[in-house]
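Here is how names work: the chains are called A, B, and so on, in the same order as the sequence lines, proteins then strands, and each is numbered from 1.
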Protein chains: 2
Amino acid sequence: MSDEQSEAVRLLWGPHPKPKRGPKPALSLNRIAQAGIEIADAEGLAAVSMQRVAGLLGVTKMALYRYVPGKAELVAVMVDTAIGGAPPPNEPRRDWREQLGGWARHLSTVFHRHPWLLDATVGPRVIGPKELAWMEQALAALDNTGLTGAERMDAVVLLTGHVRGIALQARAAGPEGSPEAQLAATLGELMRAHGERYPALTAALASAAESGGQDEALEFGLHRILDGLGLLITQRTN
Amino acid sequence: MSDEQSEAVRLLWGPHPKPKRGPKPALSLNRIAQAGIEIADAEGLAAVSMQRVAGLLGVTKMALYRYVPGKAELVAVMVDTAIGGAPPPNEPRRDWREQLGGWARHLSTVFHRHPWLLDATVGPRVIGPKELAWMEQALAALDNTGLTGAERMDAVVLLTGHVRGIALQARAAGPEGSPEAQLAATLGELMRAHGERYPALTAALASAAESGGQDEALEFGLHRILDGLGLLITQRTN
DNA sequence: AATAATCAGTGTCTGGCGGACACAGTTTTT
DNA sequence: AAAAACTGTGTCCGCCAGACACTGATTATT
């Protein structure tokens with residue numbers, strides 16, 4: 001049971017036994033994670049290499065391996081650091097709907113601030129304490145709603161999936177610069193060339209264009225999900 | 001406008017002008033994509049390298065660059081190939097709800113069959129014709145529902161986000177082998193050690209465990225989403 | 001105070017990756 | 001027959017993650 005996974009667990013969940021002898025460390029896990037986050041925020045997760053991170057810290061790349069067993073674990077720490085503390089605690093006076101809505105919007109801003117979280121959170125991995133705190137928060141909002149444990153879990157998965165999906169398409173559309181224009185133009189060309197094969201898509205795009213797109217995708221899905229949950233909850237509590 | 005993006009567009013959308021002189025190609029775009037898919041299905045997207053693909057085809061890696069400008073484009077072709085043809089056309093006798101439900105379940109099986117699609121479809125990229133056909137199909141199901149074009153698009157994004165989210169957690173839980181057991185055991189250990197910090201999570205897990213988890217997450221979210229959409233649609237059509 | 005143990009950071013090396021480029025061999029056009 | 005066009009190969013580069021042996025700094029033990 002002392003495999004590489006438990007290394008990641010110890011790194012994320014502690015304890016961090018500090019050495020008694022030898023020179024004092026010039027770095028810290030937190031500083032390393034911050035450096036990685038800085039690079040990932042600016043240039044994406046692919047730009048995060050041991051060399052880059054080490055260079056940013058004025059150190060050789062091999063020095064990082066004194067703090068982190070490998071790149072995967074570094075990314076894991078980056079994720080849990082970037083996710084940050086959970087949102088302010090649920091106020092009991094608000095109902096589950098307001099709480100979950102606020103939670104999802106808050107999570108959405110996190111994904112917007114650190115788009116590389118999308119890349120870093122695909123695939124099996126060890127979850128960190130702050131990430132788990134997010135899930136705890138959402139689950140707590142669903143207390144006393146009559147939902148079973150499995151249903152509460154499924155509801156949270158549903159919400160996070162939506163937030164992720166929105167972040168995904170937000171990145172595909174591009175923030176503002178050239179990639180957006182190019183990709184959008186490319187799609188426009190495609191539709192002009194092959195539009196007859198996709199009539200419903202053509203119609204939807206035209207309709208969306210004339211009504212002035214204002215990116216309500218997050219709110220739209222959120223309202224649908226919360227409405228659907230509401231139906232189930234009233235059905236359970238009556 | 002003859003950048004590298006248009007290369008990918010030409011590759012995915014044609015036309016494919018075939019040369020008149022020179023030796024006949026030993027490979028084809030399709031065979032290369034199939035080889036890549038085979039590797040990705042078996043060992044994940046990370047195992048797909050030019051060398052591996054070329055080796056599987058009995059060829060040097062540089063030969064692949066005669067068919068594909070780079071690895072990103074190869075992955076794009078793999079994606080559009082693996083997604084496969086759209087599901088059988090919508091039967092007009094079924095209502096939007098049945099159509100969208102079937103569509104989402106069908107899409108879910110695709111993600112289950114090719115888990116690496118999750119990795120391959122993060123980040124800005126050129127969309128392929130088959131992928132667009134999937135979107136077309138879902139949009140067509142929402143014709144005559146009173147929803148605006150933007151709303152129809154948002155609804156499809158919501159559905160795909162959910163299917164992706166389910167595929168994501170399905171992979172995190174592991175198919176059957178050791179990673180599942182290890183990760184689940186790890187989570188169990190964490191909960192045992194830090195459970196008091198996550199009371200709602202502890203309660204939900206306990207409740208889910210005793211009711212016998214049977215992985216209804218896909219259906220749960222699907223029903224909530226369709227219920228929520230149903231509310232909006234009846235509101236619009238009345 | 002001297003020695004031994006421990007630990008931080010470095011330098012060097014390996015194998016694998018994507019990809020640029022020049023080249024040889026094959027096929028078709030002129 | 002010659003030239004043009006095209007396919008697949010061999011070689012090279014820079015970057016990557018990581019293994020390993022090492023130097024030098026710091027502290028506990030004697």
Side-chain angles (χ1 to χ4, degrees), chain A residues 3-5 7-8 10-11 16-33 35-36 39-40 43-78 116 119-120 123 125, chain B residues 3-5 7-8 10-11 16-33 35-36 39-40 43-78 116 119-120 123 125:
Chain A
D3 47 9
E4 55 186 29
Q5 253 182 42
E7 276 289 320
R10 197 186 45 73
L11 214 64
H16 295 265
K18 43 180 177 178
K20 284 301 175 187
R21 283 194 265 209
K24 298 177 183 174
L27 306 173
S28 74
L29 198 54
N30 220 305
R31 279 197 59 197
I32 295 175
I39 297 173
E43 303 176 44
L45 191 63
V48 176
S49 73
M50 293 297 187
Q51 318 227 39
R52 284 291 306 270
V53 175
L56 192 56
L57 295 167
V59 134
T60 332
K61 70 165 180 175
M62 290 313 291
L64 302 184
Y65 287 94
R66 294 281 170 191
Y67 302 84
V68 163
K71 194 192 177 181
E73 289 79 8
L74 168 58
V75 173
V77 177
M78 283 171 56
W116 51 271
D119 310 88
R125 64 207 172 78
Chain B
D3 47 9
E4 57 185 26
Q5 253 183 41
E7 276 289 321
R10 197 185 46 72
L11 215 62
H16 296 262
K18 44 179 177 178
K20 284 301 175 187
R21 283 195 266 211
K24 298 176 183 176
L27 307 173
S28 74
L29 197 54
N30 222 304
R31 279 197 58 198
I32 296 175
I39 297 174
E43 304 176 42
L45 192 63
V48 177
S49 74
M50 293 297 189
Q51 318 226 39
R52 284 291 305 270
V53 176
L56 192 57
L57 294 168
V59 134
T60 332
K61 69 166 182 176
M62 290 314 292
L64 302 183
Y65 287 94
R66 294 282 171 194
Y67 301 82
V68 161
K71 195 193 177 180
E73 289 80 7
L74 167 59
V75 174
V77 177
M78 283 171 56
W116 51 271
D119 311 88
R125 64 206 173 80

Could you give the CD-to-C1' distance, from B:Glu7 to C:dG19, as a whole number of Å? 15 Å
How close do B:Glu73 and B:Pro69 get, heavy atom to heavy atom, and via which atoms? CG-CG, 3.5 Å
Starting at the 5' end of DNA chain C, which residue's closest nucleotide do you reach first, A:Thr60 or A:Pro19? A:Pro19
To the nearest 0.5 Å, atom CD1 of B:Ile32 lies from atom CG of B:Leu56 at 11.5 Å
How many whole angstroms separate atom NZ of A:Lys61 from atom C1' of C:dT12? 10 Å
Please report, to 0.1 Å, the donor-acceptor pairs under 3.5 Å made by any side chain of residues 46-53 of chain A, with sequence neighbours excluded.
residue : atom : partner : partner atom : Å
A:Ser49 : OG   : A:Gln51 : N            : 3.4
A:Ser49 : OG   : A:Arg52 : N            : 3.1
A:Arg52 : NH1  : A:Glu43 : OE1          : 3.4
A:Arg52 : NH2  : A:Glu43 : OE2          : 2.9

If I take atom CG in residue B:Leu27 and atom C1' in nucleotide D:dC6, what distance separates them, rounded to the nearest angstrom? 14 Å
Atom pairs and distances, side-chain donor-acceptor, residues 60-67 of chain B, under 3.5 Å, sequence neighbours left out:
residue : atom : partner : partner atom : Å
B:Tyr67 : OH   : B:Ala26 : N            : 3.4
B:Tyr67 : OH   : B:Leu27 : N            : 3.1

Shortest non-hydrogen contact between B:Ala120 and B:Val75, atoms and distance: CB-CG1, 3.8 Å
Considering only nitrogen or oxygen atoms on both sides, find all protein atoms under 3.5 Å from nucleotides 27-29 of chain D and state each distance.
none

Would you say the side chain of A:Leu45 lies within less than 4.5 Å of the side chain of A:Met78, judging by non-hydrogen atoms? yes
Quick one, which residues of residues 46-55 of chain A touch DNA chain C with a heavy atom under 4.0 Å? none
With sequence neighbours left out, what residues match B:Arg10 under salt bridge (charged side-chain N to carboxylate O under 4.0 Å, His left out)? B:Glu7
Heavy atoms within less than 4.0 Å of DNA chain D: which residues of residues 62-72 of chain A have one? Give them sorted by number. A:Met62, A:Tyr65, A:Gly70, A:Lys71
